K.L.:
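Here it is, the structure, as structure tokens.
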Amino acid sequence: MCGIVGIFGQTPVNQPLYEALTVLQHRGQDAAGIATSDNRRFYLRKSNGLVRDVFESQHMMNLQGNMGIGHARYPTAGCSSTAEAQPFYVNSPYGIALAHNGNLTNASELKRDLFVEDLRHINTESDSEILLNVLAHELHRQGRIRIEVKDVFEAVAGVHRRCTGGYAAVASIMGYGILGFRDPWGIRPIVYGKRDTDRGTEYMIASESVALDALGFELIRDIAPGEAVFIDRNGELHTRQCAAQPRLAPCIFEYVYLARPDSIIDDISVYKARLRMGDQLSTKILEQCPDHDIDVVIPIPDTSRTSALQLAFRLGVKYREGFIKNRYIGRTFIMPGQKLRKKSVRQKLNAIDLEFKDKNVLLVDDSIVRGTTSKQIIQMAREAGAKKVYFASAAPAVRYANVYGIDMPAAHELVAHGRTDEEVATEIGADELIYQDLDALIEAVGAGNRSIDQFDTSCFSGEYVTGDISQRYLQQLELLRSDAAKGARDTSHSDNPTVDLHTSI
């Protein structure tokens, strides 16, 4: 669930790219990078860490040019090494830099084909580098010294024919322009917009609309499944459908947790979707426990606040902020290892005892993934004096791996995998556990845009919209991407130099 951004400006874009990445920081906190272009050279800075820590004044001064792309990394594959920080770059053909959000499900086959048939070398374990090289090869196949807009779209069509999975990407093609494209299922989000200046129109492509809002860009629309958007060096906007059979099936977990509430994805307000999740959850609780003894509803900050507020209103009980969050600790879900997650929960949250003492408390979270956070938070509530601790999840039980770019690759690491709801409640220490029903979640999100007839719900249902996921693939994924596997790779890549190039690359 990385954050990506591309900007075509009338003035230098280094500062707008930086500001956009800070707005998208919630999508990835492992590494950050920016590549800009002045139509002669690429200028690149990337390193491990938060956006604010990666870029200093001298780095910003070196990022020259009025076109550029940026990336905030959340690793689902590879390791926490600067070698896998983005954007990636290839010099042939033309010079291309690319930033990618998502996951290619046929990365192994593509890597082999790129080496054997396309004579291209992949230097990292990142499928983003594979995507870049596929795009580069498809552009090379056009066989032109100077490419035209139609050649760019033909190259994207070639990418769609070869690549499977969920992906949204931005790319900068030296001397030609900025490109954005989305997989034929529209699994990962990407939007574009514009703003008018005294010097002309500027364009931005980004993972979420909130990045456009923050920088004063007007949202035009989402990039459609299989579509590509290209802003040429003269500032002209071009769009084209590049997939043979596109179908919109956006990832429903974006609305549950990943996206900011002030974003609009595929014409659905994330905030309103979360309000409706609270409505749906309250209906289930009132049906199952009409004579409930809940004294207070307390959200697990921050993502669950919207759902919890509506839930409390519908139940007719008090809503209180019972946990204070340390703003300097990142999102525990996207931290790279289980040990770090466990350590971070107590550092991240502190209970206000008076909101818990001698009360029956309903804690509300957006979802329960590994159960690590939930278990510790329930224990904190008991230590603060709660008589009973009920736990409600605004999402259904997460029981299956996600293969499209969310860090749920190892099913055995999911607390609900192979367990009943009652067993999960016992595991996390709750007196009672209430999960959202999947149909209710789909209704809560889909009510915002009735034209969407399918969502990717794979982590809840085990059904993968691309139709190419086998049990063998899932087993291999688990071996490669479990916390243990990531920890081993991180240990072997402990030397993480930054990448800071302000000459021709």
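Just so it is clear, the structure is predicted and the values come from calculations on it, not from any experiment.
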K.L.:
I need the minimum non-hydrogen distance between Ala206 and Ala211, along with the two atoms involved.
P.N.:
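Result for this residue pair: CB-CB, 4.0 Å.
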K.L.:
Which heavy atom of Ala31 sits nearest to which heavy atom of Ala85, and what is that distance?
P.N.:
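Scanning both residues completely, I find the closest heavy atoms to be CB-CB, 3.8 Å.
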K.L.:
Side chains of Val369 and Leu414: does their closest heavy-atom pair fall under 4.5 Å?
P.N.:
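Counting from C-beta outward, Val369 and Leu414 do come under 4.5 Å.
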K.L.:
Tell me, do Tyr43 and Ser37 make a side-chain contact under 4.5 Å, heavy atoms counted?
P.N.:
no
K.L.:
Can you tell me which residue pairs pass the salt bridge (charged side-chain N to carboxylate O under 4.0 Å, His left out) test with a partner in residues 196-205, sequence neighbours excluded?
P.N.:
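The answer is Arg195-Glu202.
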K.L.:
Please evaluate residues Ile187 and Trp185 with respect to the criterion side-chain contact (heavy atoms from CB on, under 4.5 Å), reporting the C-alpha separation (whole Å), side-chain torsions for both, the decisive distance (0.1 Å), and the verdict.
P.N.:
CA-CA 5 Å; Ile187 297 171; Trp185 294 90; 3.6 Å; yes
K.L.:
With a 6.0 Å cut-off (strictly less than), is the heavy-atom count around NE2 of His238, excluding the residue itself, greater than 12?
P.N.:
yes
K.L.:
Looking at Val465 and Ala249, what are the two nearest heavy atoms and their distance?
P.N.:
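Heavy atoms of Val465 and Ala249 come nearest at CG1-CB, 4.1 Å.
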K.L.:
The criterion is ring pair (Phe, Tyr, Trp, His ring centres under 6.0 Å); which residues satisfy it with Tyr271, sequence neighbours excluded?
P.N.:
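Here no residue qualifies.
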K.L.:
Can you tell me if Asn103 uses its side chain to pair, donor with acceptor, with the backbone of Val403 under 3.5 Å?
P.N.:
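At least one qualifying donor-acceptor pair exists.
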K.L.:
Test your reading of the model: is there a side-chain donor-acceptor pair from His71 to the backbone of Ile4, 3.5 Å cut-off?
P.N.:
no
K.L.:
May I ask you to test the Asp30-Tyr74 pair for a side-chain heavy-atom distance under 4.5 Å?
P.N.:
no
K.L.:
Has the side chain of Asp437 got a donor or acceptor atom that lies under 3.5 Å from a matching backbone atom of Asp439?
P.N.:
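Side chain of Asp437 to backbone of Asp439, a donor-acceptor pair under 3.5 Å: no, none is there.
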K.L.:
As a quick check of understanding, evaluate side-chain contact (heavy atoms from CB on, under 4.5 Å) for Leu135 and Leu98, giving each step before the final call.
P.N.:
CA-CA 9 Å; Leu135 175 65; Leu98 177 140; 4.0 Å; yes
K.L.:
Short question: side chain of Asp151, backbone of Glu148 - any donor-acceptor pair under 3.5 Å?
P.N.:
yes
K.L.:
Would you say that Val424 contacts Tyr435 through its side chain, given a criterion of any heavy-atom pair below 4.5 Å between the two side chains?
P.N.:
yes
K.L.:
Under the rule for side-chain hydrogen bond (donor to acceptor under 3.5 Å, both in side chains), what residues qualify as partners of Ser263, not counting sequence neighbours?
P.N.:
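If we apply the side-chain hydrogen bond (donor to acceptor under 3.5 Å, both in side chains) test to Ser263, skipping adjacent residues, the hits are Glu208.
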K.L.:
Would you list the pairs meeting salt bridge (charged side-chain N to carboxylate O under 4.0 Å, His left out) in which at least one residue belongs to residues 443-456, sequence neighbours left out?
P.N.:
Arg247-Asp453, Glu443-Arg450
K.L.:
What is the distance from atom OG of Ser92 to atom CG of Leu139, rounded to the nearest 0.5 Å?
P.N.:
10.0 Å
K.L.:
For the pair Glu254 (side chain) and Tyr257 (backbone), establish whether a donor and an acceptor sit closer than 3.5 Å, ignoring hydrogens and angles.
P.N.:
no
K.L.:
For the pair Arg141 and Glu154, find out whether any cationic side-chain nitrogen is under 4.0 Å from an anionic carboxylate oxygen.
P.N.:
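Here Arg141 does not pair with Glu154 in a salt bridge, since their nearest N and O are not under 4.0 Å apart.
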K.L.:
Can you find a pair of side-chain heavy atoms, one from Thr22 and one from Tyr18, that are under 4.5 Å apart?
P.N.:
yes
K.L.:
Report yes or no: does Gln436 contribute a side-chain atom to a donor-acceptor pair with the main-chain N or O of Met277 at less than 3.5 Å?
P.N.:
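Between the backbone of Met277 and the side chain of Gln436 there is a qualifying donor-acceptor contact (under 3.5 Å).
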K.L.:
Less than 4.5 Å apart, side chain to side chain, heavy atoms only: is that true for Ile205 and Ile231?
P.N.:
yes
K.L.:
Using ring pair (Phe, Tyr, Trp, His ring centres under 6.0 Å) as the criterion, list what pairs up with Tyr167, not counting sequence neighbours.
P.N.:
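Residues passing ring pair (Phe, Tyr, Trp, His ring centres under 6.0 Å) with Tyr167: His160.
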K.L.:
Taking only residues at least two apart or on different chains, which pairs with a member in residues 162-173 satisfy salt bridge (charged side-chain N to carboxylate O under 4.0 Å, His left out)?
P.N.:
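Pairs touching residues 162-173 that pass the test: Asp118-Arg162, Glu138-Arg162.
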K.L.:
What are the two closest non-hydrogen atoms of Val191 and Leu219, and how far apart are they?
P.N.:
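Scanning both residues, the minimum pair turns out to be CB-CD1, 3.7 Å.
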K.L.:
I want to check a possible cation-pi pair here: Lys46 against Phe88, using under 6.0 Å from ring centre and within 45° of the ring axis as the test.
P.N.:
yes
K.L.:
Between Ile268 and Ile452, is there a side-chain heavy-atom distance shorter than 4.5 Å?
P.N.:
yes
K.L.:
Would you call Met204 and Val13 a side-chain contact if the rule is heavy atoms closer than 4.5 Å?
P.N.:
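Met204 does not reach Val13 side chain to side chain.
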K.L.:
Look up atom CG in Asn402 and atom CE in Met1, then write down how far apart they are to the nearest 0.5 Å.
P.N.:
11.5 Å
K.L.:
side-chain hydrogen bond (donor to acceptor under 3.5 Å, both in side chains) with Arg419: which residues, sequence neighbours excluded?
P.N.:
none
K.L.:
Could you go through Thr197 and Gln10, starting from their C-alpha distance and side-chain angles, then the distance that decides it, and tell me whether this counts as side-chain hydrogen bond (donor to acceptor under 3.5 Å, both in side chains)?
P.N.:
CA-CA 8 Å; Thr197 71; Gln10 301 295 334; 5.8 Å; no
K.L.:
Between Gln64 and Asp38, is there a donor-acceptor pair closer than 3.5 Å when you use the side chain of the first and the backbone of the second?
P.N.:
no
K.L.:
Just do the side-chain hydrogen bond (donor to acceptor under 3.5 Å, both in side chains) check on Gln29 and Gln25 with the steps written out, would you?
P.N.:
CA-CA 6 Å; Gln29 59 193 43; Gln25 183 75 85; over 6 Å; no
K.L.:
Check each of Thr466, Asp127, Asp468 against Thr105 using the side chain to side chain donor-acceptor pair (under 3.5 Å) test, and report the only one that passes.
P.N.:
Asp468
K.L.:
Thinking salt bridges, do Asp421 and Lys284 make one under a 4.0 Å N-O criterion?
P.N.:
no
K.L.:
Do Arg399 side-chain atoms and Ala416 backbone N/O form a donor-acceptor pair below 3.5 Å?
P.N.:
yes
K.L.:
Sequence neighbours excluded, which residues qualify as side-chain hydrogen bond (donor to acceptor under 3.5 Å, both in side chains) partners of Thr36?
P.N.:
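If we apply the side-chain hydrogen bond (donor to acceptor under 3.5 Å, both in side chains) test to Thr36, skipping adjacent residues, there are no hits.
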K.L.:
I need the Ile442 CD1 to Ser461 OG distance, nearest 0.5 Å.
P.N.:
7.5 Å
K.L.:
Grab the two heavy atoms, one from Ile223 and one from Phe181, that are nearest each other, plus how far apart they are.
P.N.:
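Result for this residue pair: CD1-N, 4.4 Å.
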K.L.:
Taking only residues two or more places apart in sequence or in another chain, which ones pass side-chain hydrogen bond (donor to acceptor under 3.5 Å, both in side chains) with Arg305?
P.N.:
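Scan of Arg305 (side-chain hydrogen bond (donor to acceptor under 3.5 Å, both in side chains), adjacent residues dropped) gives Asp302, Glu321.
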K.L.:
Taking all non-hydrogen atoms of both residues, which atom of Gly70 and which atom of Leu21 are closest, and how far apart?
P.N.:
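Looking at all heavy atoms of both residues, the closest pair is C-CD2, 3.7 Å.
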K.L.:
In residues 107-116, what donor-acceptor pairs under 3.5 Å come from side-chain atoms, sequence neighbours left out?
P.N.:
none

K.L.:
Using the test ring pair (Phe, Tyr, Trp, His ring centres under 6.0 Å), find all partners of His100 that sit at least two apart in sequence or belong to another chain.
P.N.:
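For His100 there are no ring pair (Phe, Tyr, Trp, His ring centres under 6.0 Å) partners, ignoring immediate neighbours.
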K.L.:
Using the rule given for side-chain contact (heavy atoms from CB on, under 4.5 Å), can you reason through Tyr400 versus Glu463, listing the C-alpha separation, both sets of side-chain angles and the distance that settles it, and then say yes or no?
P.N.:
CA-CA 9 Å; Tyr400 303 95; Glu463 299 174 0; over 6 Å; no
K.L.:
Please round to the nearest 0.5 Å and tell me the distance separating atom CG of Leu63 and atom CD of Gln15.
P.N.:
10.5 Å
K.L.:
Mind running side-chain contact (heavy atoms from CB on, under 4.5 Å) on Leu131 and Val159 for me, showing each step along the way?
P.N.:
CA-CA 8 Å; Leu131 181 64; Val159 169; 3.7 Å; yes
K.L.:
Using atom types as modelled and distance alone, determine if a side-chain donor or acceptor of Asn234 lies under 3.5 Å from a backbone N or O of Glu236.
P.N.:
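No.
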K.L.:
According to ring pair (Phe, Tyr, Trp, His ring centres under 6.0 Å), who are the partners of Tyr192, at least two apart in sequence or on a separate chain?
P.N.:
none
K.L.:
I'd like to know if the side chain of Arg274 and the backbone of Tyr255 have a donor-acceptor N/O pair within less than 3.5 Å.
P.N.:
yes
K.L.:
For the residue pair Phe253 and Phe460, categorise the inter-ring angle as parallel (less than 30°), tilted (30 to 60°) or perpendicular (more than 60°).
P.N.:
tilted
